[in-house]
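Below you'll find the structure, written out as structure tokens, and then a few comments.
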Amino acid sequence: MKKLYVISGMTGMTGNELARQIVKRRDDVIGFDNFFASSTETIKDVIASEHLEFFEGDVNNDAQMKELEEKVIARKADYEKVTYINCAAVVHTEHFYHVDRTFETNVIGMKKFLEQAIRVGADSYINCSTSEVYSMASWKEGGVKEDDFLLLATAEHSQRTSYATGKLLTEFFMKDAVERGMIKGCSLRFANVYSKNELLAKHVIPHVITSLMKDGKVTLLENSKVNKRTFLHNIDSCAAVLAVADTDVALDGTIYNVATEQEVSMIELVDVCAKAIGIEKPEIIFEGYRESDPQRRVLSAAKIKARTGWKPTITLEQGIKMCVDYRRQVEEK
């Protein structure tokens, strides 16, 4: 029998690629999105598939979620397994500093979606979290691990951590539900996921590519003179979601880092983007400063690799070339 996946935030970075990979498996998807930072453009290649059902909806709209619940209950008996995947989230650093912008969707919405999964008798629930929870302790030799203690910036330092603490709370909801025997599941802490069709130009990779393609120059924060990050392509991040969903022993309520170990400085990132575009000497302008922004963030993905066999397959250079090629295709139309 086939499997059914119910996905919130389906046209976002994680949701749209999940739909693509699931449809390719010939399993079924019911997904929805409120188009906060995306559109159906990201799923145009699969939206007509007989394996996919999509509707415009918000995880905090009770009437819409009631209809979804009834739909899943009606179809549940046709499937070997039903998995809920929570991708809905208000993201981007500009929102991290405003707790009212993130709390309803990221915390309340996650909890409501989890409660629905439990009510319909879903087999598992995958909670998409973030590496932001590591806050000011985001790096150590070999990468930070899931059971490392956290060092959080507080409201005395910056409002930025309000986003991280909200996501951290969802991990407790997930762990509690599993420990109480209500459902199987786990949380995934993603580190700097990017994709070729990302609409939010304020994220660093689309910002750099858009700026360089326009006039060969890009403006970065002063932090970027010293900051380093890893970047994970959404093809790999979504493969990780399905890897844990397929691995029963991984659905233990715990947390899994999902990241690559290919660390680059922000200046090196600009160089990689420039090379993919065909620019030899990009101009970088440094302007502005972001509080409570860790200089380095490297996660150890040893746990998910050992538990599921997952590993990233797309290098930064390959992923950036995919982004540039896609952007050029769009502009040519």
Test of understanding: with side-chain contact (heavy atoms from CB on, under 4.5 Å), list the residues that count as partners of [X], not counting sequence neighbours.
| X | answer |
| --- | --- |
| Ala191 | Ser131, Thr230, Ala259, Leu299 |
| Asn60 | Asp58, Glu104, Thr105, Ile108, Lys112 |
| Glu261 | Lys305 |

For [X] and [Y], which I'm curious about, is there any donor-acceptor pair between the side chains at under 3.5 Å?
| X | Y | value |
| --- | --- | --- |
| Asn127 | Thr170 | yes |
| Asn197 | Ser195 | yes |
| Asn257 | Tyr134 | yes |
| Lys311 | Thr260 | no |
| Gln116 | Tyr84 | yes |
| Gln262 | Glu317 | yes |

* Glu263 and its salt bridge (Lys or Arg N to Asp or Glu O under 4.0 Å) partner, picked from Arg297, Arg229, Arg296 ->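 Looking at Arg297, Arg229, Arg296, the match for Glu263 under the salt bridge (Lys or Arg N to Asp or Glu O under 4.0 Å) is Arg296.
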
Could you list all the salt bridge (Lys or Arg N to Asp or Glu O under 4.0 Å) pairs where at least one residue sits in [range], not counting sequence neighbours?
| range | value |
| --- | --- |
| residues 7-23 | Glu17-Arg20, Arg20-Asp45 |
| residues 275-289 | Lys217-Glu283 |
| residues 231-256 | Lys3-Asp246, Arg25-Asp246, Lys184-Asp248, Asp252-Arg307 |

All N/O donor-acceptor pairs, side-chain side in residues 50-57, below 3.5 Å, sequence neighbours left out:
{"from": "His51", "atom 1": "ND1", "to": "Asp28", "atom 2": "OD1", "distance (Å)": "2.9"}
{"from": "Glu53", "atom 1": "OE1", "to": "Arg75", "atom 2": "NH1", "distance (Å)": "2.8"}
{"from": "Glu53", "atom 1": "OE2", "to": "Lys71", "atom 2": "NZ", "distance (Å)": "2.9"}

* Which residues pass the salt bridge (charged side-chain N to carboxylate O under 4.0 Å, His left out) test with Glu222, sequence neighbours left out? -> Lys225

* Asked: Looking at Arg328 and Glu331, does any basic side-chain N land under 4.0 Å from a carboxylate oxygen?
  ->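 No, no charged N to carboxylate O under 4.0 Å.
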
* Partners of Tyr194 by ring-ring contact (aromatic ring centres under 6.0 Å, His included), sequence neighbours excluded? ->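 Checked Tyr194 against ring-ring contact (aromatic ring centres under 6.0 Å, His included); matches are His233.
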
* Checking Lys2 against Tyr79: charged group under 6.0 Å from the ring centre and within 45 degrees of the axis? ->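 So Lys2 doesn't make the cation-pi contact.
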
* Sequence neighbours excluded, which residues qualify as side-chain hydrogen bond (donor to acceptor under 3.5 Å, both in side chains) partners of Lys66? ->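 Partners of Lys66 by the side-chain hydrogen bond (donor to acceptor under 3.5 Å, both in side chains) criterion come out as none, since no residue qualifies.
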
* Thr83: partners by side-chain hydrogen bond (donor to acceptor under 3.5 Å, both in side chains), with sequence neighbours left out ->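 side-chain hydrogen bond (donor to acceptor under 3.5 Å, both in side chains) list for Thr83, sorted by chain: Ser124.
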
Heavy-atom closest contact ([X] atom, [Y] atom, distance):
| X | Y | answer |
| --- | --- | --- |
| Ser8 | Asn86 | OG-OD1, 2.8 Å |
| Ser129 | Glu171 | OG-OE2, 2.7 Å |
| Leu251 | Cys186 | CD2-SG, 4.2 Å |

* Side chains of Glu179 and Asp176: does their closest heavy-atom pair fall under 4.5 Å? -> no

* **Pairs where residues 273-314 contributes a residue and the test ring-ring contact (aromatic ring centres under 6.0 Å, His included) is met, not counting sequence neighbours** => none

